[in-house]
Amino acid sequence: MPEVYEMAVLVRNDTSPRTVVELQEQIRRWERKSVASTTSVLSTGCEAFNELFPAGGIRPGSLVEWLERDAGGATTVSLAVARNVCPPRRPLILIDPQHELFPLALKGLGFDLSRVVIIRPTSEQEAFWTCEESLRCPGVGLVWAPLANLHVTGFRRLQLAAEASRGVGFLLRSAQAARQPSWAESRLRVDPRPSGPDGPRFRVEVAYSQGSTRRSMLDITLDSLRGTIHEVSHPIATQPLPLVS
Amino acid sequence: MKSLTPSRRSLCLWFPEWPMQRRLASEPRSERSLWLLTERTSRGEFVRHANDQAMRRGIRVEMPVCEARSLVRPRDRLIIEGAQAEEDRKALVQLALRCERYSFCIGIEEAERPECLLMDVTGIAHFFGGEETLAADLQAELARRRFQGRIAIAETPGLAWAAAHLLTESGRPVVLPAQFSREISDLRLIESLPVAGLRLEEKTIVQLGRVGLKTIGQLMSVDRASLLRRFGSEVLSRLDQLTGRQPEFLTPCRPLPQYRVERKFEEGITHPEAIRQLGMELLRELLEKLHPRRCGTRQLHGEAHWEGGTSSVFDLRLCEATGDFRHLSDLLRYRLERLPLTYPLIRFSVEALQVGPLHASQQEFFEGELRDQDRQVAMLLNRLGNRLGDEAVVIPELVADPIPERAVRFRPVSEASPRVVTDFARRFDAFDRPPVLFSEPRPLEALSLSPEGLPAVLFQERQRFEVAAGWGPERIESGWWQAEFVCRDYYRVETSQGKRWWVFRRLRDGRWFWQGEW
C-alpha cells in the first residue's frame with residue numbers, strides 16, 4: 001500500500017500549505033481514478049452531447065438536472081436523451097403529476113411503451129417519495145421526474161438513492177432552481193432555438209458540473225422524423241469558404 | 001433460448017344437447033318416445049330441446065309447445081318436461097368428477113348452459129400410451145355410460161373447444177399435435193374455421209357476420225385496436241385464448257381450497273400497535289398455508305369489523321404472485337395505518353385471492369440477475385400502487401383513434417389483462433405529436449393573415465405571442481358514427497419567444513385552442 005504510506009508520511013511531517021495542496025491533489029487523483037473505474041458510461045446517443053458530461057456520458061448512479069426557462073424545451077430534450085440512456089429491457093419510470101405526458105409522442109420518440117410506467121402522484125410529497133423509491137430500485141432503467149421544489153436534503157437523498165442502485169435520474173426543474181445548491185452530477189440549461197430544415201433546435205448549456213467537461217455549450221437539432229439527436233454543425237466549419245489565392 | 005417448459009395440452013369433451021343426453025342416458029327405455037324439454041317465457045311455453053324421434057316428427061327448437069303437440073301422432077308416446085339448467089350443470093359436474101382418472105384438473109366451460117368439460121391433460125397421455133389412446137379410452141368409457149361425447153385434444157382449451165365443435169365427428173376424436181398453431185399449414189386450418197369456434201355470444205357472431213367477418217383468419221387480419229373498439233374485449237380475449245397468446249385457466253370442478261385466516265375478540269382492541277401486530281400474525285399464518293403448495297397471492301383482501309356494527313374493507317393488489325412475508329408485511333402495514341380507529345376492533349380477517357404458483361422455475365437459473373431485477377421492479381410497483389392507488393401507477397396503451405385525447409388508454413399495472421398492440425403510431429413522425437398534451441385544450445385568441453390559414457399572432461391570457469414559423473394544417477376529425485363529432489385543423493407553431501405550441505382551430509365555430517407543447 002505505497003499510497004497510504006505516502007499519505008501517512010505527509011500527515012505526520014507537517015501541515016504546511018504545500019502539503020495540503022499535495023494532499024488535495026492526491027485525493028483528486030484518486031477520485032478521478034474511481035470515476036474512471038466505474039465501468040462504462042451511458043451514451044446520450046450523440047457524441048457531442050456526451051461531451052457535456054464530465055465522464056463523457058451519463059454515469060450510472062448519477063442525477064442530471066434539466067433546467068427549463070419559460071419557453072420550454074427541456075421536457076422534449078430530456079425525454080429524447082432518456083430514450084437513449086435507458087438500458088434495453090429495463091423499465092423507464094416517468095413521474096407525471098400534471099397528467100400531461102402524451103405517450104403517442106413518446107412512441108414517436110422511439111420509446112418502447114411496454115417498458116414505460118407512468119406514475120401520477122397527487123402532491124409534491126408523493127412525487128418526491130415516488131422518485132426516491134424508484135431511484136432506489138436497482139431494476140429501474142431511468143427515472144424522469146419534474147420536481148419544482150427540492151430541498152437540499154431531499155436532493156442529497158435522491159442522489160444517494162441513485163448511487164445505491166446505480167440508476168439514473170433526470171430531474172426537470174425551472175431555471176430559478178439554478179440558484180439552489182445541486183447534488184446532480186450535471187445541471188443543463190435548455191433553450192429553444194429557431195427550427196432548422198431537419199427539425200427543432202435547442203441550445204444546451206452546462207450550468208454546473210461535478211468535474212470538468214470538454215464542452216460547456218452545444219447546439220443540437222432533434223431529427224423531426226426519427227427523434228435522434230444531432231449536433232448543429234456550424235456552417236463555417238462544415239462548408240468553409242474557398243480560399244482565394 | 002428454447003423454452004424449458006413443455007407445451008400444455010388440453011382436452012375438450014363436448015356433449016351435444018347435454019340436457020337431452022343426460023335424460024336419455026338415465027332412462028334408456030324412453031329412447032323411442034318423443035321427448036321435449038320446454039321453457040316457459042312471458043310469451044308462452046317453447047321447446048328448448050327435442051330428441052331425434054321428436055325431430056323426425058318435425059318438432060323444432062323454439063317452437064311453441066302447442067304447435068309441437070299438433071305434430072305428434074296418436075301412437076307416439078310424448079314426454080314433456082321443463083328444462084332444468086341447474087340440474088344439468090350439477091350432472092355435468094358429477095360426470096367431470098368421474099373423469100378424474102384422465103386429468104388432474106377438470107373444469108366445465110364458462111357458459112350459461114354448459115355442454116363441455118375442459119381437461120388439462122399435460123403429461124397424462126403417456127399413462128395411456130399416447131393422446132390418441134387416451135381419447136379412445138375416454139370415448140369408450142362414455143359410450144359404456146350411454147353418452148355421446150366429441151373429444152378433441154390441442155395446445156389450448158380454446159383450440160380444443162373449437163376442434164371439438166367444428167372438426168370432430170361422432171365417435172372419432174381429433175388430436176391436434178403440439179406446436180400445431182405454429183405450422184403454416186395448420187395456421188391455414190385455424191384461419192379457415194368459422195368465428196363460431198371462438199366461444200363468442202350469439203349476438204357477437206351475428207355482428208361480426210354483418211361486417212363480413214366470418215372466419216377466424218379474417219378476424220386475425222383486422223387491426224386489434226379497432227376490434228376492441230367495436231366489439232369490446234371479448235373477441236380479442238377469445239382469439240388470444242385460442243392461439244395461446246393469453247393463458248386460460250380452468251376452474252376445477254372440485255372446490256378450491258380457501259386461504260383465509262381470521263381472529264375474533266370478545267373485547268375489542270384499540271391500540272394501533274396491537275392491530276398492526278395482529279395483522280402481521282394473520283399474514284404469517286396465511287403465508288404458512290400457501291408455502292407448502294409453492295403458491296403466492298396476487299391479491300390480499302382484508303376485512304376489519306368494529307364494535308357498533310361498522311366494518312372496513314381493503315384490497316391489496318400485486319403485480320405478480322408473491323409469498324414474500326417481508327414485502328407483503330410492508331404493504332399491509334401501510335394499509336393498517338390507514339384504517340379508521342374510531343371503535344374497538346372485534347373481528348379481523350385476511351384472505352388470499354388470486355392464488356397462483358410462484359414464478360420460480362428452472363428457467364430462472366438461466367435468467368439470473370435479470371429475473372431478480374424484474375422482481376424488484378414488481379415489488380416497487382406494488383409499493384407505489386399500494387400507497388398512491390392503482391390508478392396512479394399505469395402503463396400507457398395506444399388506441400387507434402386520431403383524436404389526441406382519445407388516442408391513449410392508461411391501464412393500472414396491477415391489472416392482469418392482455419396488452420393491446422396497435423401499429424397506429426407508425427403513421428406519425430417523431431415530432432408530429434407533442435410530448436406534453438393538456439387534458440383540456442386551453443382557449444386562445446388568434447389573428448390570421450388569411451381567413452383559414454396559419455395564425456400570425458396568438459393571445460393567451462392577455463399575453464401576445466408573435467408566430468415566427470408554423471406548419472400545418474393537419475386536419476383531424478372523428479368518424480361520423482362516434483357520439484361527439486370532432487373536426488379540427490392543427491398547426492405546429494413557433495413563437496418569437498421560442499415556444500413551440502400545438503394549436504388547433506375548431507372548424508365548428510372557428511375558435512382557437514392550445515393543446516400541447518414541445
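Here is the naming used below: chain letters follow the sequence lines, and residue numbers restart at 1 for every chain.
- Heavy atoms from other residues, nucleotides or ligands lying under 6.0 Å from CZ of A:Arg215 number more than 12.
- Across A:Leu109, A:Leu101, A:Leu104, A:Ile119, the residue that shares the most heavy-atom pairs under 4.5 angstrom with chain B is A:Leu104.
- For the set A:Gly108, A:Pro194, A:Ala105, the entry with the most heavy-atom pairs within less than 4.5 Å of chain B is A:Ala105.
- No part of A:Leu94 comes within reach of chain B, as not one of its non-hydrogen atoms sits under 4.5 angstrom from that chain.
- Interface remark: A:Ser134 contributes backbone and side-chain atoms alike to the contact with chain B (heavy atom separation under 4.5 Å).
- Contacts with chain A were tallied for B:Arg383, B:Glu517, B:Glu405; B:Arg383 has the most, counting heavy-atom pairs under 4.5 Å.
- At a 4.5 Å heavy-atom cutoff, the contact between A:Asp223 and chain B is made by backbone atoms alone.
- With a 6.0 Å radius and a threshold of 12 heavy atoms from other residues, nucleotides or ligands, B:Glu474 has its CD atom above the threshold.
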Practice problem: Begin with the C-alpha distance, continue with both residues' side-chain angles, and end with the deciding distance and a verdict on side chain to side chain contact (heavy atoms under 4.5 Å, CB included) for A:Leu113 and B:Glu397. | Solution: CA-CA 7 Å; A:Leu113 289 189; B:Glu397 279 183 354; over 6 Å; no
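- A cation-pi contact links B:Arg500 to A:Phe202, judged by a cut-off of 6.0 Å to the six-membered ring centre and 45° from its axis.
- Per-residue counts of heavy-atom pairs under 4.5 Å with chain B were compared for A:Gly227, A:Pro103, A:Gly72, A:Ala80; the largest is that of A:Pro103.
- Classification of B:Arg442 and A:Glu100 as a salt-bridged pair holds, one side-chain N sitting under 4.0 Å from a carboxylate O.
- Between chain A and the options B:Thr495, B:Leu381, B:Val436, the largest number of non-hydrogen pairs under 4.5 Å is found for B:Val436.
- Annotation: maximal heavy-atom pairing with chain A below 4.5 Å, among B:Val394, B:Val377, B:Leu388, occurs at B:Val394.
- For A:Ile118, the parts lying near chain B are the backbone and the side chain together; criterion is any non-hydrogen pair under 4.5 Å.
- Residue contact with chain B, scored on non-hydrogen atoms closer than 4.5 Å, involves the backbone and the side chain of A:Pro138 alike.
- At least one side-chain heavy atom of A:Phe102 sits less than 4.5 Å from a side-chain heavy atom of B:Pro404.
- At a 4.5 Å heavy-atom cutoff, the contact between B:Trp471 and chain A is made by side-chain atoms alone.
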Quiz item: Passes side chain to side chain contact (heavy atoms under 4.5 Å, CB included), B:Phe431 versus A:Thr76? Steps please.
Solution: CA-CA 10 Å; B:Phe431 284 91; A:Thr76 309; 3.4 Å; yes
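- Heavy atoms of other residues, nucleotides or ligands lying less than 6.0 angstrom from CD of A:Glu47 number 12 at most.
- The part of A:Arg193 that comes within reach of chain B is its backbone (N, CA, C, O), which places non-hydrogen atoms under 4.5 angstrom from that chain.
- The choice from B:Ala407, B:Pro434, B:Gly516 that makes the most heavy-atom pairs within less than 4.5 Å of chain A is B:Pro434.
- To the nearest 0.5 Å, atom CZ of residue A:Arg115 and atom CD1 of residue B:Ile395 are 9.5 Å apart.
- A 4.5 Å side-chain heavy-atom check between B:Leu384 and A:Val117 finds every atom pair outside the cut-off.
- With B:Glu494 contributing its side chain and A:Ser195 its backbone, the two residues share a donor-acceptor pair below 3.5 Å.
- Your options are B:Gln497, B:Lys499, B:Arg387, B:Arg433, and the one with the most heavy-atom pairs under 4.5 Å with chain A is B:Arg387.
- Both cation-pi conditions hold for A:Arg120 and B:Phe410: the charged atom is under 6.0 angstrom from the six-membered ring centre and inside a 45 degree cone around its axis.
- For the pair B:Leu380 and A:Val140, the minimum side-chain heavy-atom distance is below 4.5 Å.
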